[in-house]
Undergrad: 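Please read through the structure below; I'll follow up with questions.
Numbered from 1 within each chain, the chains take letters A, B, ... in sequence-line order.
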Amino acid sequence: MSREVRVRFAPSPTGPLHIGGVRTALYNYLFAKKTGGKFLLRIEDTDQNRFVPGAEEYIKDSLEWLGIAPDESPWNPGSVAPYRQSERKADYMQYALDLVEKGHAYYAFDTAEELEAMRERLTAARVVTPQYNSITRTQMKNSLTLSEEEVKERLASGEPYVIRVKIPRKEEVRMNDLIRGWVMVHSSTLDDKVLMKSDGMPTYHLANIVDDHLMDITHVIRGEEWLPSAPLHVLLYKFFGWEDTMPEFAHLPLLLKPDGNGKLSKRDGDKLGFPVFPLNWENKESGETAAGFREQGYLPEALLNFLAFLGWNPGDEREIFSKEELIEAFSIERIGKAGTKFDIAKAKWYNEQYIRTKSNQELASQVIADAANDGMELSQEKAEAIVALTKERVTFASEMWSENKFLLIAPTSFDEQVASKKWNEDAVKVLEHYAGSIEAHSGDFDGATAKSLLENSAAAVEVKLGKVMQAVRLAVTGAGAGPDLMEIFAILGAKEVATRIKFAIESLPVAG
RNA sequence: GGUCCGUUCGUCUAGGGGUUAGGACGCAUCCCUUUCACGGAUGAAACACGGGUUCGAUUCCCGUACGGACUACCA
């Protein structure tokens, strides 16, 4: 019988959520929604040394910003609470002890120095992979080599210990990965991983199996970096006797650096000039900061669409997908196997696409806010006019203002290259006539009016309009390129345009 | 080093025994246009290599090369 799909995203709160983690969360989310299942979030905070305050909040904010908030989480618990591993601390020992009882795990008392000595010894003996395993454990201090009496004494005396899994010497461990197919590993290459640390906390390996079992997880969708430890996890399910409800595994291809090679890492953001985190991050204690996609001006729906296509595609030629369309189209079968380079140019393209689908009215608020930051007050009407003129030319919404401030600020200098080429007697004649005619003009000064008056002026002085258009633009905006000039005139108003033209005629000498 | 995973244009990818190997980003050219963009059109650009299997392999198998992950009392 098939259970309701339950998937989880399980980050550890050690800092800002990496963009690769965001994609993992997204695929989990999409799969859950596609199958009518549940998407849970579990905080894996079993490493007390690496805990970073604020990280959990950051994870929550990031997922909410992207619209992929979990159905169950520490702040919105379902029936399988707790959703923080630290809050389940007491339970794990019972499970570890159960394994000890069954002969699948054992106590180990080796100190860090002794472990190090063991590795050195093995390296010296030219053992290729020094590890704590079925062979070396016979020479270490553990409940397999010590007498029962001594083990009891050590435990009673409070001596620090760990619990290690007892990996069988010869066994083929098989796992059917949903993305990669059958993966087979021989148990002799696995080591006796620590299950319970000496601080009483479980390691990831134990906690993740116990929690997935307790939380009734049906599919584990996680990064490829976990593939090597998946056989251990399969073995643990078997040792616990939970094979029947063991989740299916899907190991996602990694996100790679855009240039060169290697996994995209947290430091790459600053180096490569684009964010690797969803939101800005600041650690007040360490002073560590990181740039976020949101603050750089990426729309959440654009980032989501971009991320979804990093390693997955719908199999047809569509590129633009809303969240709902992604859910509809998503399937694990269509996730690729190979690592994916992170191409920020494509992310920008997606952002451009999504900006264009926004209404002028919606975008106007951004322009108004940006202008206000520059100490300028903009009416809704004027802001919308600016949006209409600029939204198809920008990558980020903020550029509608930052790249187009000149609309409201009169130029004090003029592009020299354009001036030398286009500024001439004809242009000045047209502009002088035009300035006079718009000053005399009463009534609406919209784009069409501005244009017909300009055409009249050109005709009046017998000059072809096309010949002087660049000069007109230069006179009013100071630049040789930009949005539709007549619409700019409409925004500026007749009076301002005339003033600017007169200033330009005074400032710019006619060459030759 | 060992174990595991991978390899189609620069990038993201579709495809899959017989195709002009398709799309998108980026790039180039042209068109549109008052400029720059947008938009439209066009173009350059890929099956890592070597063996098999086969009438025929980019596709299936095996090697090789290259890349990646993992190799902690971190997740």
Undergrad: Quick one: A:Glu403 CD to B:rC38 P, roughly how many Å, whole number?
TA: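 One finds 14 Å between P of B:rC38 and CD of A:Glu403, rounded.
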Undergrad: Just how far, in rounded Å, is C1' of B:rA37 from CZ of A:Phe396?
TA: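 About 16 Å, once rounded to whole Å.
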Undergrad: Using a heavy-atom cut-off of under 4.0 Å over every strand shown, decide if A:Gly480 touches base, sugar-phosphate, or nothing.
TA: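 It contacts base atoms.
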Undergrad: Using atom types as modelled and distance alone, determine if a side-chain donor or acceptor of A:Asp110 lies under 3.5 Å from a backbone N or O of A:Met140.
TA: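 It does not hold such a pair.
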Undergrad: Ring-plane angle category for A:Phe330 and A:Tyr27, please: parallel below 30°, perpendicular beyond 60°, tilted otherwise.
TA: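 Rings of A:Phe330 and A:Tyr27: tilted, 30 to 60°.
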Undergrad: Hey, are A:Lys166 and A:Asp192 close enough for a salt bridge, meaning a charged N less than 4.0 Å from a carboxylate O?
TA: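 Salt bridge flag = no for A:Asp192 with A:Lys166.
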Undergrad: Any base atoms under 4.0 Å from A:Thr46, or only sugar-phosphate, or nothing? Heavy atoms, all strands.
TA: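 Here A:Thr46 touches the backbone only, sparing every base.
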Undergrad: For A:His233 and A:His205, take the angle between the two ring planes, folded into 0 to 90°, and tell me which bin it lands in: parallel under 30, tilted 30 to 60, perpendicular over 60.
TA: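 Ring orientation of A:His233 relative to A:His205: tilted.
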Undergrad: Any idea which heavy atoms bring A:Gln139 and A:Thr145 closest together, and the distance?
TA: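 In this case the closest contact between A:Gln139 and A:Thr145 is N-CG2, 4.5 Å.
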Undergrad: Nearest-nucleotide wise, let me know which of A:Val185 and A:Glu317 is further upstream toward the 5' end of RNA chain B.
TA: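 So the residue in question is A:Val185.
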Undergrad: Only one of A:Leu99, A:Leu97, A:Val194 forms a side-chain contact (heavy atoms from CB on, under 4.5 Å) with A:Ile163, so which one is it?
TA: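 The option that passes is A:Leu97.
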Undergrad: For B:rC55, which nucleotide in any strand shown is its Watson-Crick or wobble partner with both distances under 3.5 Å?
TA: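 Pair assignment: B:rC55 / B:rG18.
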Undergrad: If we take the C1' atom in both B:rG22 and B:rC31, what is their distance in whole Å?
TA: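 Roughly 25 Å separates the two C1' atoms.
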Undergrad: Write down the distance between CD (A:Glu319) and P (B:rC25), rounded to a whole number of angstrom.
TA: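 Rounded to the whole Å, the gap is 7 Å.
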Undergrad: Are any of A:Arg50's side-chain N or O atoms less than 4.0 Å away from OP1 or OP2 of B:rA75?
TA: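 The answer is no; no side-chain N or O of A:Arg50 sits under 4.0 Å from OP1 or OP2.
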Undergrad: B:rU7 pairs with which nucleotide, Watson-Crick or G-U wobble, both distances below 3.5 Å?
TA: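 Its partner is B:rA65.
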Undergrad: Roughly how many Å apart are B:rA21 and B:rC74, using the C1' atom of each and rounding to a whole number?
TA: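 About 45 Å, rounded to a whole number of Å.
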Undergrad: Which whole-number value in Å describes the distance from A:Asp191 CG to B:rC73 P?
TA: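 Rounding to the nearest Å, CG of A:Asp191 and P of B:rC73 are 8 Å apart.
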Undergrad: Select base, sugar-phosphate, or nothing to describe what A:Phe309 touches, counting heavy atoms under 4.0 Å on all strands.
TA: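 Sugar-phosphate, backbone atoms only, no base.
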Undergrad: Do any N or O atoms from the side chain of A:Asn351 and from the backbone of A:Thr395 form a donor-acceptor pair under 3.5 angstrom?
TA: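 Such a contact is found between A:Asn351 side chain and A:Thr395 backbone.
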Undergrad: Rounded to whole Å, how long is the line connecting atom CZ of A:Phe306 with atom P of B:rC12?
TA: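 Atom CZ in A:Phe306 sits about 10 Å away from atom P in B:rC12.
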Undergrad: Provide the distance between the two C1' atoms, one in B:rU20 and one in B:rU3, to the nearest whole Å.
TA: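 Rounded to whole Å, the distance is 44 Å.
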Undergrad: Does the distance from a Lys or Arg side-chain N to an Asp or Glu carboxylate O, for A:Asp191 and A:Lys193, drop under 4.0 Å?
TA: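 Salt bridge: yes.
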Undergrad: Pick the P atom in B:rU34 and in B:rG23, then give their distance to the nearest Å.
TA: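 One P to the other, the span is 32 Å.
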Undergrad: May I ask you to say what A:Asp110 touches in the nucleic acid, namely base, sugar-phosphate or nothing, with a heavy-atom cut-off under 4.0 Å?
TA: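 A:Asp110: base contact, heavy atoms under 4.0 Å.
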Undergrad: Rounding to the closest angstrom, what is the interatomic distance between B:rG6 and B:rC60 at atom P?
TA: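 After rounding to an integer number of Å, I get 12 Å for this pair.
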Undergrad: Quick check on B:rG15: is either OP1 or OP2 less than 4.0 Å from any side-chain nitrogen or oxygen of A:Arg334?
TA: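 So the side chain of A:Arg334 is within the cut-off, an N or O lying under 4.0 Å from OP1 or OP2 of B:rG15.
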Undergrad: Look at all strands and tell whether A:Asp316 reaches a base, only sugar-phosphate, or nothing, counting heavy atoms closer than 4.0 Å.
TA: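 Since no nucleic acid heavy atom lies under 4.0 Å of A:Asp316, the category is nothing.
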Undergrad: For a quick check under 3.5 Å, do A:Tyr354 and A:Asn305 share a side-chain donor-acceptor pair by atom type?
TA: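 The criterion, which ignores hydrogens and geometry beyond distance, is satisfied for A:Asn305 and A:Tyr354.
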Undergrad: Using atom CZ of A:Arg473 as one end and atom P of B:rU33 as the other, report the distance to the nearest whole Å.
TA: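 Rounded to the whole Å, the gap is 16 Å.
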Undergrad: May I ask you to decide if the ring planes of A:Phe309 and A:Phe321 are parallel, tilted or perpendicular, using 30° and 60° as cut-offs?
TA: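 The arrangement is tilted - the two ring planes meet at 30° to 60°.
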Undergrad: Tell me what A:Pro231 touches on the nucleic acid: a base, only sugar-phosphate, or nothing, going by heavy atoms under 4.0 Å.
TA: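 The answer is nothing, as A:Pro231 stays clear of every strand by at least 4.0 Å.
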Undergrad: Tell me yes or no: between the side chains of A:Thr390 and A:Asn404, is some donor less than 3.5 Å from an acceptor?
TA: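 Looking only at side-chain atoms, A:Asn404 and A:Thr390 do not form any donor-acceptor pair under 3.5 Å.
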Undergrad: Starting from the 5' end of RNA chain B, give me the residue, A:Leu256 or A:Gln470, whose nearest nucleotide shows up first.
TA: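 The answer here is A:Gln470.
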Undergrad: In Watson-Crick or G-U wobble terms, both distances under 3.5 Å, what is the partner of B:rU71?
TA: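 Across any shown strand, B:rU71 pairs with B:rG1.
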Undergrad: Under 4.0 Å, heavy atoms only, any strand: does A:Lys193 hit a base, just the sugar-phosphate, or nothing?
TA: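 Nothing: the residue A:Lys193, judged by heavy atoms under 4.0 Å, touches no strand.
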Undergrad: Could you run down the sub-3.5 Å N/O contacts of the protein with nucleotides 5-11 of chain B?
TA:
residue	atom	partner	partner atom	Å
B:rC5	O2'	A:Arg180	NH1	2.6
B:rC5	O2'	A:Glu224	OE2	3.1

Undergrad: Please state how far atom CG in A:Asn404 lies from atom C1' in B:rA37, giving the value in whole angstrom units.
TA: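 Rounding to the nearest Å, CG of A:Asn404 and C1' of B:rA37 are 11 Å apart.
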Undergrad: Counting just side-chain N and O atoms, does A:Ser12 come under 4.0 Å of either OP1 or OP2 of B:rC74?
TA: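 Negative; the distance criterion is not met.
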Undergrad: Considering every strand shown, what is the Watson-Crick or G-U wobble mate of B:rA44 when both distances are under 3.5 Å?
TA: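 When the pairing criteria are applied, nothing turns out to pair with B:rA44, so the answer is none.
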Undergrad: A:Gly311 near the nucleic acid: base, sugar-phosphate alone, or nothing, with a heavy-atom cut-off under 4.0 Å?
TA: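 The residue A:Gly311 makes sugar-phosphate contact but no base contact.
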Undergrad: Using a 4.0 Å cut-off on heavy atoms, which residues in residues 348-359 of chain A reach RNA chain B? List them by number, or say none.
TA: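 Of all residues in residues 348-359 of chain A, the ones placing a heavy atom under 4.0 Å from RNA chain B are A:Trp349, A:Arg356.
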Undergrad: What's the gap between B:rC38 and B:rA75 when it is taken at their P atoms, as a whole Å value?
TA: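 Roughly 49 Å separates the two P atoms.
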Undergrad: Would you measure the distance from the C1' atom in B:rU13 across to the matching atom in B:rA45 and give it in whole Å?
TA: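 Those two atoms are separated by 15 Å.
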Undergrad: Please pick, from B:rU34, B:rA24, B:rG1, the nucleotide with the shortest atom-to-atom distance to any side-chain atom of A:Met469.
TA: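 It is B:rU34.
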Undergrad: What's the CG-P distance between A:Asp177 and B:rA69, to the nearest Å?
TA: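 Rounded to the whole Å, the gap is 18 Å.
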Undergrad: Rounded to whole angstrom, note down the C1' distance from B:rC32 over to B:rG39.
TA: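 Comparing C1' positions in B:rC32 and B:rG39 gives a spacing of 8 Å.
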Undergrad: Please check: side-chain N/O of A:Tyr350 versus main-chain N/O of A:Glu319, any donor-acceptor pairing under 3.5 Å?
TA: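 It does hold such a pair.
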